[in-house]
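Comments concern the structure below.
Positions are given from 1, in the same order as the sequence printed here. Both ligands and their constituent atoms are indexed starting at 1 by order of listing.
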Amino acid sequence: MSRSLKRVRAALEAAGLAAEIREPGETRTAEQAAQAAGCALDQIVKSIMFRGEDSGEALLFLTAGGNRVDASKAAALAGEPLGKADAALIRAQTGFAIGGVAPVGHLTPPRAWLDRRLMDFDEVWAAAGTPRHVFALDPADLPRISGAQPADFTAQREKM
Ligand code: 5CA
C-alpha cells in the first residue's frame, strides 16, 4: 500500500472517522472520480492549491467538482497574492502528488478553505492520497478534519 494512502487512512482513524477507502478505478480528475464513485460532479471534493506569493506556502481550496476557484476571491481570503502551485510545492507541503491530494493527512497542514456548495450534500467524495483512491464522508466533518473554513471563493457559473 502506498505511503500516501496509509497516511490518509491513519489521519481518518485519528479523526475518528469510519471512512472506507475505495479503489473504484481511475480518479485523477473530478470527472473521473464522479464517474467512478457514481455521484454528482459537485459531490467531488477537488483539492485546488495555490502558492501564497508572500508566504511561499501552498494554500488549499476544497472545491465542489463542478465549481471553479475565483482567483481574486481566493486571494482576498488568503490575504496575499496567489500564484500557481507547482507539483514540487504541492508535494512538499502535502506529501501528495497532483490528482491524489487528500483533504487530510498533509505533511504540513496548509491554510485551507472550503466551498460551501459541498455542504448541500449528505455525502461527498474526496481523494485518499492517490489518483485511484477515494473515500466518502459527511461534508459537515470537513472543517474539523481538514481545518478548512467554509467560505465563498468560487466563480459564478455560466448560464445555460
Ligand atoms: N482525485 C481527484 C478528485 S477526488 C482530484 O484530485 N481532482 S483535483 O481536481 O483535486 O486535482 C486535480 C487538480 O490539480 C486540477 O483541478 C488542477 O487544479 C490541479 N493541477 C493539475 N495539473 C496541475 C499542475 N501541473 N500544476 C498544478 N496544479 C495542477
Side-chain angles (χ1 to χ4, degrees), residues 1-9 11-12 17 19-53 55-75 77-78 81-139 141-142 145-148 151 153-155 157:
M1 192 190 294
S2 85
R3 275 190 301 177
S4 294
L5 183 58
K6 281 187 188 157
R7 217 168 53 246
V8 172
R9 205 174 55 174
L12 293 175
L17 221 66
E20 189 193 332
I21 296 175
R22 303 225 191 125
E23 187 175 5
E26 192 77 21
T27 58
R28 180 172 296 279
T29 66
E31 287 78 7
Q32 285 175 345
Q35 180 101 44
C39 67
L41 183 59
D42 273 354
Q43 283 177 276
I44 298 299
V45 183
K46 291 194 288 195
S47 293
I48 305 297
M49 302 202 80
F50 292 92
R51 179 179 188 275
E53 295 294 357
S55 63
E57 290 171 16
L59 307 175
L60 176 62
F61 293 85
L62 298 175
T63 309
N67 275 343
R68 292 182 148 271
V69 176
D70 178 310
S72 57
K73 290 181 189 173
L77 285 170
L82 301 181
K84 270 204 158 150
D86 67 14
L89 177 65
I90 293 172
R91 168 77 81 173
Q93 177 98 32
T94 70
F96 301 123
I98 288 166
V101 178
V104 297
H106 306 116
L107 296 181
T108 304
R111 296 169 65 207
W113 294 268
L114 172 67
D115 179 358
R116 289 205 172 92
R117 170 66 175 141
L118 292 165
M119 301 300 197
D120 290 343
F121 303 98
D122 295 331
E123 181 181 82
V124 296
W125 291 80
T130 91
R132 298 189 61 81
H133 293 88
V134 289
F135 66 97
L137 76 164
D138 181 339
D141 287 325
L142 271 171
I145 67 168
S146 67
F153 55 81
T154 60
R157 295 207 195 193

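Remark: minimum distance from atom 26 (N) of ligand 1 to any protein heavy atom is reached at Ile98 CD1, 3.5 Å. In terms of protein heavy-atom proximity, atom 17 (C) of ligand 1 is closest to Ile48 CD1, 4.4 Å. In terms of protein heavy atoms, atom 7 (N) of ligand 1 is closest to Arg28 O, 3.5 Å. When only non-hydrogen protein atoms are considered, atom 2 (C) of ligand 1 lies nearest to Thr27 O, 3.1 Å. In terms of protein heavy-atom proximity, atom 4 (S) of ligand 1 is nearest to Ala127 N, 3.5 Å.
Taking every non-hydrogen atom of Lys46 and a distance limit under 4.0 Å, the qualifying atoms of ligand 1 come out as 9 (O), 10 (O). Each of the following atoms of ligand 1 lies closer than 4.0 Å to a heavy atom of Ser47: 10 (O).
Contact annotation: Gly99 has at least one heavy atom less than 4.0 Å from an atom of ligand 1. A heavy-atom separation below 4.0 Å is not found between Ala87 and ligand 1. Judged by the shortest distance from any of its heavy atoms, Asp86 lies outside the 4.0 Å radius around the atoms of ligand 1.
Counting heavy atoms from C-beta on, the side chains of Ile145 and Leu137 come closer than 4.5 Å. Between Arg51 and Glu57 the shortest side-chain heavy-atom distance does not fall below 4.5 Å.
A donor-acceptor pair is defined here as one N or O able to donate and one able to accept, closer than 3.5 Å; such a pair exists between the side chain of Lys73 and the backbone of Thr154. At least one donor-acceptor pair under 3.5 Å links the side chain of Gln93 to the backbone N or O of Thr108. Side chain of Thr27 to main chain of Pro131: a donor-acceptor pair is present (N/O by atom type, distance under 3.5 Å, no hydrogens or angles). At distances below 3.5 Å, at least one donor-acceptor pair connects side-chain atoms of Thr63 with backbone N or O atoms of Phe61.
Here Ala85 has backbone heavy atoms under 4.0 Å from ligand 1, and that is the only part of it that gets that close. Residue contacts with ligand 1 for Ile44 involve side-chain atoms from C-beta outward but no N, CA, C or O (heavy atoms, distance under 4.0 Å). Looking at Lys84 against ligand 1, nothing comes within 4.0 Å, counting heavy atoms.
Between Ala75 and Leu82, the shortest heavy-atom distance links the atoms N-CD1, 3.6 Å.
Within a 6.0 Å radius of CD in Gln32, more than 12 heavy atoms belonging to other residues, nucleotides or ligands are found.
For Arg7 and Phe96, the positive end sits near the middle of the six-membered ring, less than 6.0 Å away and at most 45° from its axis.
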